[in-house]
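The block underneath contains the structure these notes are about, expressed in structure tokens.
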Amino acid sequence: AILVVTAILTNRGDFTSAALVIAALACFLTGIFFVTLSGSDPLDLRYLSLLPVQGSISMARICADLGAQGNAHLIPGGRDGRDHPMLLVPAAEYSGMPLLTEPFVAGQDMAGILVEPSCAPLLRLLRGQQHLAIPHDQAGLQNLIRELAVDVLEVAVRTRASVESGVITIDMEDYRLIDGCRAMVAESQKCCITNPCPVCSLFAAACAESTGKVVRVERCSPDMKKSDVTAIFTVLDE
């Protein structure tokens with residue numbers, strides 16, 4: 001528009017004016033090209049973020065009805081003959097006892113529900129097709145969490161992970177699936193703690209696999225004003 005206005009105002013009627021008009025046309029066509037290629041996401045995130053919500057809510061309700069109201073514990077692979085992480089929702093404090101294959105854990109010291117975490121299909125895909133390797137050092141774990149959230153899953157613009165005294169804190173800024181988090185919290189804040197969504201359970205599973213210890217979910221909460229999510233996990237000393 002500036003080039004065309006310049007050509008009109010100068011009113012030279014020569015080759016320079018023609019060049020300005022041609023340059024304006026080129027800019028206009030280039031703009032159309034960029035607008036066409038920079039369209040919105042192929043899937044509406046308002047709908048996509050709600051897909052895992054009801055499953056997590058229903059699982060939390062089932063656990064509560066069965067008396068398993070403790071925080072979710074991620075059991076790393078390699079324990080009790082399993083090669084993949086498991087999610088335990090205990091009725092009382094987890095005592096580190098061996099866990100059998102049955103989903104309903106019952107013993108003298110502890111009872112609870114043992115299932116695969118909601119991130120299990122995602123974790124298998126990342127390991128099988130993306131060759132995911134989980135590091136066993138603190139710095140490597142922090143970098144892995146950032147890469148998973150920002151580069152691989154692309155669910156957050158920025159992600160920070162910190163480890164202090166056995167507490168792992170993950171902050172995701174501009175979380176793209178924030179509507180699903182808010183829907184779960186609107187039902188009950190206990191839903192995210194009992195059966196976290198695939199993203200937060202993936203982080204918890206990665207922490208458990210990296211440390212080789214049981215990781216307890218302490219908090220998974222979205223910011224009600226900004227599109228940020230904070231997840232806090234505790235590495236248990238058994």
Side-chain angles (χ1 to χ4, degrees), residues 1-56 118-135 139-162 169-186 192 196-206 220-231:
I2 294 175
L3 293 175
V4 171
V5 170
T6 302
I8 294 175
L9 293 179
T10 56
N11 195 24
R12 295 169 58 90
D14 55 4
F15 180 77
T16 304
S17 298
L20 289 175
V21 174
I22 294 174
L25 179 61
C27 291
F28 178 72
L29 295 177
T30 303
I32 293 177
F33 179 75
F34 278 121
V35 169
T36 302
L37 293 183
S38 61
S40 58
D41 291 316
L43 297 176
D44 194 324
L45 294 178
R46 295 174 302 172
Y47 307 140
L48 185 64
S49 63
L50 296 177
L51 293 181
V53 170
Q54 191 56 49
S56 294
S118 58
C119 69
L122 179 58
L123 185 58
R124 283 193 288 267
L125 175 65
L126 291 173
R127 281 178 163 167
Q129 298 188 10
Q130 302 299 326
H131 307 290
L132 173 67
I134 298 179
L141 175 61
Q142 292 172 326
N143 290 332
L144 174 65
I145 291 174
R146 182 193 60 79
E147 291 177 1
L148 286 175
V150 177
D151 301 327
V152 179
L153 302 180
E154 298 183 0
V155 294
V157 174
R158 286 176 298 276
T159 299
R160 296 186 302 272
S162 61
T169 303
I170 301 174
D171 295 305
M172 293 182 286
E173 298 182 15
D174 294 329
Y175 186 63
R176 306 180 73 196
L177 306 179
I178 191 68
D179 290 335
C181 295
R182 289 171 177 166
M184 290 179 64
V185 170
C192 294
C197 70
V199 174
C200 287
S201 67
L202 176 63
F203 294 154
C220 292
S221 58
D223 191 303
M224 292 303 168
K225 295 182 179 179
K226 299 184 295 182
S227 299
D228 299 343
V229 174
T230 299

- Message: Under a 4.0 Å threshold between the charged nitrogen and the carboxylate oxygen, would Asp151 count as salt-bridged to Arg146?
- Response: yes
- Distance, nearest 0.5 Å, that separates CG of Leu51 from OG of Ser56: 11.5 Å
- Task: Specify the closest pair of heavy atoms between Val53 and Ala183, including all atoms of both residues, with the distance to one decimal.
- Result: CG1-CB, 4.1 Å
- Do you know which two heavy atoms are closest between Met172 and Ala156, and how far apart they sit? CB-CB, 3.9 Å
- Query: So which heavy atom on Cys197 is nearest to which on Ser118, and how close?
  - Reply: C-OG, 3.3 Å
- Between the OG atom in Ser221 and the CG atom in Asp228, the distance rounded to the nearest 0.5 Å is 10.5 Å
- Message: Does any part of the side chain of Leu153, heavy atoms only, come nearer than 4.5 Å to the side chain of Leu202, both counted from C-beta?
- Response: yes
- Please name the residue in the list Val155, Leu177, Ile178 that meets the side chain to side chain contact (heavy atoms under 4.5 Å, CB included) test with Leu45. Leu177
- Tightest non-hydrogen contact, residues Met224 and Val185, listed as CE-CG1, 3.7 Å
- Task: Assess whether side-chain contact (heavy atoms from CB on, under 4.5 Å) is satisfied between Val199 and Val229, documenting all intermediate values.
- Result: CA-CA 11 Å; Val199 174; Val229 174; over 6 Å; no
- Could you check if a side-chain atom of Leu132 sits within less than 4.5 angstrom of a side-chain atom of Val152, using non-hydrogen atoms only? no
- Query: Say you draw a straight line from SG of Cys200 to CE of Met184; how long is it, rounded to the nearest 0.5 Å?
  - Reply: 8.5 Å
- Exceeds 12 heavy-atom contacts within 6.0 angstrom, atom CD1 of Ile2: no
- Task: Verify, without hydrogens or angle tests, whether Ser201 (side chain) and Cys119 (backbone) share a donor-acceptor contact under 3.5 angstrom.
- Result: yes
- Message: Quick check: do Pro222 and Tyr175 have side-chain heavy atoms less than 4.5 Å from each other?
- Response: no
- Charged N to carboxylate O under 4.0 angstrom, Lys226 versus Glu173? no
- Item | Rounded distance [0.5 Å steps], SG in Cys181 versus CG in Leu50 | 10.5 Å
- Do any N or O atoms from the side chain of Arg176 and from the backbone of Glu154 form a donor-acceptor pair under 3.5 angstrom? yes
- Item | Interatomic spacing from CD1 in Ile170 to CD in Gln142 - rounded to 0.5 Å | 9.5 Å
- Task: Please determine, by modelled atom types, if Asp171 and Thr230 share a side-chain donor-acceptor pair under 3.5 angstrom.
- Result: yes
- Quick one: closest heavy-atom pair of Leu141 and Pro135, and the distance? N-CG, 3.6 Å
